[in-house]
S.K.: 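First, the structure itself, so that you have it in front of you.
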Amino acid sequence: MAPEARAKARSLAGLALGVLALACSIAPSDAAAVRHSRAQKPSHPQPVRHLPYPPLEFPFQITGGQYAPVAWSEIAGWREDDHLAAYNAFRVSCRPIAAQQKPPADPKALGMSLRDPCRIAKGLELSDGVKARAFFEEHFLPLRISRLGEGEGFVTGYYEPIVDGSRTENEVYKVPVYRRPSNLFVRGTTQASAGLPNKGQVFRKIGRRKLVPYYDRAEIEDGAIAGRGLEICWLKDQTDLLFSQIQGSARVSLDDGSTVRINYDAHNGFPYTPVGRILIERNIIPKDQMSMQKIREWMEQNPNEADELRRQNKSYVFFREVQLSDKDEAVGAQGVPLTPGRSIAVDKSLHVYGTPFFIEGELPIESERSKTPFRRLMIAQDTGSAIVGPARADLYFGAGLDAGKVSGRLRHNARFVILAPKSLDPVARGRKMPVPDERPSETIAKLFPQTDPSKDPKNAGKPSDVTAAATNAKPAMQATTSSATGPSPAPAIQAAVAKPVPLPEPRPNVEAVSAKPQPRHLRRYRHRQ
């Protein structure tokens with residue numbers, strides 16, 4: 001039996017050795033295949049962190065202003081207003097707006113958003129106030145607006161004076177009304193412009209290249225540009241001219257029975273100085289009694305002092321003659337006729353002509369002491385050099401003496417609601433805005449203070465190169481310096497050179513790679529027979 005058992009054992013051992021040899025020959029090839037599959041598998045790119053945020057459509061912003069959505073029902077006097085009158089004034093502004101094809105050169109918050117509601121209004125004839133109100137509520141969003149940090153805006157009034165004049169100079173009419181001189185230049189404009197801006201630098205050209213500031217009011221009144229054929233007509237006194245310049249337009253009733261209509265065309269570049277403010281500062285007229293009528297009365301009673309007061313306002317306005325009849329209203333800066341009681345002048349650097357504003361306040365309309373409720377939808381169609389700010393308006397009251405009395409006593413606070421087209425809904429855009437990243441924990445903030453070395457009070461008086469040198473110094477140098485000079489300066493230097501904590505990168509989302517288990521390596525044992 002022993003020989004047979006030995007033979008059987010030998011055959012089993014040979015079979016085992018064969019299987020082991022086959023496994024050893026296969027194992028390296030499988031491992032190589034696994035490594036090859038790992039090398040060929042595409043690696044997942046690490047997601048890029050967009051800082052500060054990816055490009056988004058931000059809600060519109062008005063420089064120096066703040067606004068908040070408000071419901072129509074929360075606007076006092078909204079339902080009681082004559083919306084049809086406001087709608088008709090709005091349609092007048094829509095004529096040039098609906099024809100716009102390219103965005104304006106100076107972008108504003110509303111941009112070209114008024115074009116869509118204007119194109120709808122252009123083909124929509126309305127004769128009912130309820131439908132007019134529904135139009136505004138359907139195509140606009142009310143936003144209460146004011147200067148940043150304030151709750152109310154400010155309103156004044158203006159009108160178109162009617163003054164006496166003549167086409168020829170004589171003993172009665174001897175104050176010239178000048179048109180724009182040919183040597184007056186404004187940066188960014190040409191002499192072919194219909195009307196030059198009422199703000200900005202204005203120059204007078206001497207020779208071919210030399211530019212100097214233009215003449216001020218005193219120099220012009222003393223005859224600096226007289227005799228050059230610039231006279232449109234002549235008025236009785238300088239006060240009539242001053243008030244015409246302040247209002248920006250006038251109707252001149254000529255001595256031959258005809259009428260000349262003049263409008264703003266240019267200015268001499270000097271800032272406007274209100275003569276009423278000077279009278280208040282000099283304690284001549286109390287602030288609560290100030291009005292244009294008071295100014296006119298004081299100037300008529302004090303002609304010599306009036307000359308000196310008038311020259312304190314160095315600003316001077318040049319006019320152009322416009323072809324309007326006696327029944328036509330004055331033309332505003334938008335180039336459309338104004339509507340008494342519905343047109344306003346606004347800051348054209350912030351607002352777009354044609355924008356509806358609902359203005360609410362208590363104004364002295366009926367008398368100087370009255371607080372007449374004023375709740376009316378107005379349309380921005382004009383501008384003025386003194387109209388500055390997001391909630392600042394000049395209310396147009398028409399032409400004549402009565403309109404001048406009402407507008408002359410307006411200097412009051414009021415609440416503003418701007419009607420923005422629904423395409424600019426700031427609430428809808430605000431929902432897409434990302435949430436800011438979480439702030440680091442209090443422990444991290446204490447360990448790594450976000451200190452600007454240049455603003456650290458501990459480094460006051462130290463030159464900037466010392467801080468820069470300390471920032472770039474090697475650790476060995478810092479240790480040597482601290483041991484030589486003592487332990488006290490070390491904390492200050494460490495606080496100064498501490499760098500902001502970098503934001504952690506998001507963990508990459510790498511899919512798990514399924515790898516085959518490694519085969520077991522068997523050792524060979526030599527069996528002794």
S.K.: Assess the residue pair Q381 and I344 against the criterion (side chain to side chain contact (heavy atoms under 4.5 Å, CB included)); give the C-alpha distance rounded to whole Å, side-chain angles, the decisive distance to 0.1 Å, and a yes or no.
M.R.: CA-CA 6 Å; Q381 296 175 329; I344 58 174; over 6 Å; no
S.K.: May I ask you to check whether F203 and Y214 place their ring centres under 6.0 Å from each other?
M.R.: no
S.K.: Nearest heavy-atom pair of R310 and L242: which atoms, and what distance?
M.R.: CG-CD2, 4.0 Å
S.K.: For the pair S258 (side chain) and L254 (backbone), establish whether a donor and an acceptor sit closer than 3.5 Å, ignoring hydrogens and angles.
M.R.: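 Judged by distance alone, no pair lies under 3.5 Å.
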S.K.: Could you verify whether a donor N or O on one side chain and an acceptor N or O on the other, from S146 and Q66, lie under 3.5 Å apart?
M.R.: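 Indeed, the side chains of S146 and Q66 share at least one donor-acceptor pair under 3.5 Å.
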S.K.: In Å and rounded to the nearest 0.5 Å, what is the CZ to CZ distance from F358 to R144?
M.R.: 9.5 Å
S.K.: Test L377 against every option in F90, F357, W78 by the side chain to side chain contact (heavy atoms under 4.5 Å, CB included) rule and name the one that passes.
M.R.: W78
S.K.: Please report the closest heavy-atom contact between I379 and A89, naming both atoms and the distance.
M.R.: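 Of all heavy-atom pairs spanning I379 and A89, the closest is CG1-CB, 3.9 Å.
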S.K.: Below 4.5 Å, heavy atoms only, C-beta onward: do V177 and I262 meet side chain to side chain?
M.R.: yes
S.K.: Does H267 reach the main-chain N or O of F318 with its side chain, forming a donor-acceptor pair under 3.5 Å?
M.R.: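 No.
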S.K.: Checking I220 against Y178 for the side chain to side chain contact (heavy atoms under 4.5 Å, CB included) test, could you report, in this order, the C-alpha distance in whole Å, the side-chain angles of both residues, the deciding distance, and whether it holds?
M.R.: CA-CA 10 Å; I220 295 175; Y178 290 119; 3.9 Å; yes
S.K.: Would you find a donor on one side and an acceptor on the other, under 3.5 Å apart, between the side chain of Q245 and the backbone of V317?
M.R.: yes
S.K.: Evaluate the side chain to side chain contact (heavy atoms under 4.5 Å, CB included) criterion for residues S253 and V163: first the C-alpha distance (whole Å), next the side-chain angles of each, then the deciding distance (0.1 Å), finally the verdict.
M.R.: CA-CA 6 Å; S253 298; V163 296; over 6 Å; no
S.K.: Taking E138 first and then K422, would you say they form a salt bridge - that is, a charged N and a carboxylate O separated by under 4.0 Å?
M.R.: no
S.K.: Less than 4.0 Å between a side-chain N and a carboxylate O, is that true for R133 and D128?
M.R.: no
S.K.: Under 4.0 Å between a Lys/Arg side-chain N and an Asp/Glu carboxylate O for R375 and E80?
M.R.: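 The answer is no: the pair does not qualify as a salt bridge.
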S.K.: Heavy atoms, side chains only, cut-off 4.5 Å: are L350 and T63 in contact?
M.R.: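 A side-chain contact under 4.5 Å exists here.
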S.K.: Take atom CZ of R79 as the centre, draw a 6.0 Å sphere, and report whether it contains more than 12 heavy atoms from other residues, nucleotides or ligands.
M.R.: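 Atom CZ in R79 is not packed in, count stays at 12 or less.
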S.K.: Keeping H83 on the side-chain end and D81 on the backbone end, is there a donor-acceptor pair under 3.5 Å?
M.R.: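 Looks like yes, one N/O pair under 3.5 Å.
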S.K.: Can you confirm whether Q61 is buried at CD, in the sense that more than 12 heavy atoms of other residues, nucleotides or ligands lie under 6.0 Å from that atom?
M.R.: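 Open.
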S.K.: Once rounded to the nearest 0.5 Å, what's the spacing between atom CD of E221 and atom CZ of R311?
M.R.: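 The CZ atom of R311 is 5.0 Å from CD of E221, to the nearest 0.5 Å.
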S.K.: Within the 4.5 Å heavy-atom criterion, are D307 and L309 side-chain neighbours or not?
M.R.: no
S.K.: Could you tell me which non-hydrogen atom of S249 sits nearest to which non-hydrogen atom of N263, and how far apart they are?
M.R.: CB-OD1, 3.3 Å
S.K.: Using a 3.5 Å distance criterion without hydrogens, assess whether the side chain of T383 forms a donor-acceptor pair with backbone atoms of V346.
M.R.: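 The answer is yes, because a donor-acceptor pair under 3.5 Å joins these two groups.
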S.K.: What I want to find out is whether R251 reaches D328 closely enough, with some N-O distance under 4.0 Å, to be called a salt bridge.
M.R.: no
S.K.: Give the minimum heavy-atom separation between A399 and A403, together with the two atoms involved.
M.R.: O-CB, 3.9 Å
S.K.: Quick one: are I225 and L230 in side-chain contact, heavy atoms under 4.5 Å?
M.R.: yes
S.K.: Backbone N or O of V352 within a donor-acceptor pair of the T355 side chain at under 3.5 Å?
M.R.: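 Yes; judged by distance alone, with no hydrogens or angles, the pair exists.
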S.K.: Quick test of your reading of the model: are E308 and R282 salt-bridged, counting only N-O distances below 4.0 Å?
M.R.: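 Between R282 and E308 there is a salt bridge, with a charged N closer than 4.0 Å to a carboxylate O.
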S.K.: Mark yes or no: R179 above the aromatic ring of F319, with NZ or CZ under 6.0 Å from the six-membered ring centre and no more than 45 degrees from the axis.
M.R.: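 Here R179 fails the 6.0 Å and 45° test against F319.
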S.K.: For the pair N313 (side chain) and Y272 (backbone), establish whether a donor and an acceptor sit closer than 3.5 Å, ignoring hydrogens and angles.
M.R.: no
S.K.: Parallel, tilted or perpendicular: which describes the rings of Y87 and F135, with under 30° parallel and over 60° perpendicular?
M.R.: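 Correct class here is perpendicular.
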S.K.: About how many Å separate CD of E366 and NZ of K371, when rounded to the nearest 0.5 Å?
M.R.: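 If we round to the nearest 0.5 Å, K371:NZ and E366:CD are 13.5 Å apart.
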S.K.: I want to check something: taking the side chain as every heavy atom from C-beta on, are W298 and I284 in contact at a cut-off of under 4.5 Å?
M.R.: yes
S.K.: Rounded to the nearest 0.5 Å, how far apart are CD of Q334 and OG of S93?
M.R.: 3.5 Å
S.K.: Can a donor-acceptor pair be found between the side chains of D382 and Y158 at a distance below 3.5 Å?
M.R.: yes
S.K.: Do the side chains of R296 and D240 get close enough for a salt bridge, i.e. N-O under 4.0 angstrom?
M.R.: yes
S.K.: Tell me the closest heavy-atom pair linking G276 and M290, and the distance in Å.
M.R.: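 Distance-wise, the nearest heavy atoms are O-CE, 3.3 Å.
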S.K.: Give me the atom names and distance for the closest heavy-atom approach of G65 to P390.
M.R.: CA-CG, 3.7 Å
S.K.: Is the side chain of R376 donor-acceptor paired with the backbone N or O of R342 at a distance under 3.5 Å, no angle test?
M.R.: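 Pair absent, no side-chain N/O of R376 close to backbone of R342.
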S.K.: Does the side chain of D326 come under 3.5 Å of the side chain of T259 through a donor N or O and an acceptor N or O?
M.R.: yes
S.K.: Any side-chain to backbone donor/acceptor pair from N268 onto Y215? Under 3.5 Å, distance only.
M.R.: yes
S.K.: If you take the centroid of each ring, where Trp contributes its six-membered ring, are F416 and F154 closer together than 6.0 Å?
M.R.: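 They do not qualify: ring centres at least 6.0 Å apart.
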S.K.: Tell me, do L235 and Y173 make a side-chain contact under 4.5 Å, heavy atoms counted?
M.R.: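 Heavy-atom side-chain distance check fails, nothing below 4.5 Å.
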S.K.: Less than 4.5 Å apart, any side-chain heavy atom of V70 and any of L143?
M.R.: no
S.K.: Roughly how far, to the nearest 0.5 Å, is the CH2 atom of W72 from the CD atom of E137?
M.R.: 6.0 Å
S.K.: Mind checking the OG1-CG spacing from T156 to L410? Nearest 0.5 Å is all I need.
M.R.: 7.5 Å
S.K.: Hey, is R415 close enough to E362 for a salt bridge, meaning N to O under 4.0 Å?
M.R.: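 Yes, R415 and E362 are salt-bridged.
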S.K.: One pair to check against side chain to side chain contact (heavy atoms under 4.5 Å, CB included): K294 and S291. What are the steps and the verdict?
M.R.: CA-CA 5 Å; K294 293 286 186 181; S291 67; 3.3 Å; yes
S.K.: When you check the gap from the basic side-chain N to the acidic O, do E125 and R91 get nearer than 4.0 Å?
M.R.: yes
S.K.: Please tell me if the side chains of E329 and Y396 come closer than 4.5 Å, counting only heavy atoms from C-beta onward.
M.R.: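 A side-chain contact under 4.5 Å exists here.
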S.K.: Would you mind checking if R167 and E321 are paired as a salt bridge, meaning a charged N to carboxylate O distance below 4.0 Å?
M.R.: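 Salt bridge: yes.
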S.K.: Keeping to residues at least two apart or across chains, list the salt bridge (Lys or Arg N to Asp or Glu O under 4.0 Å) pairs with something in residues 390-412.
M.R.: none
S.K.: With no hydrogens and no angle check, is any side-chain donor or acceptor of D425 less than 3.5 Å from a backbone partner on V427?
M.R.: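 Yes.
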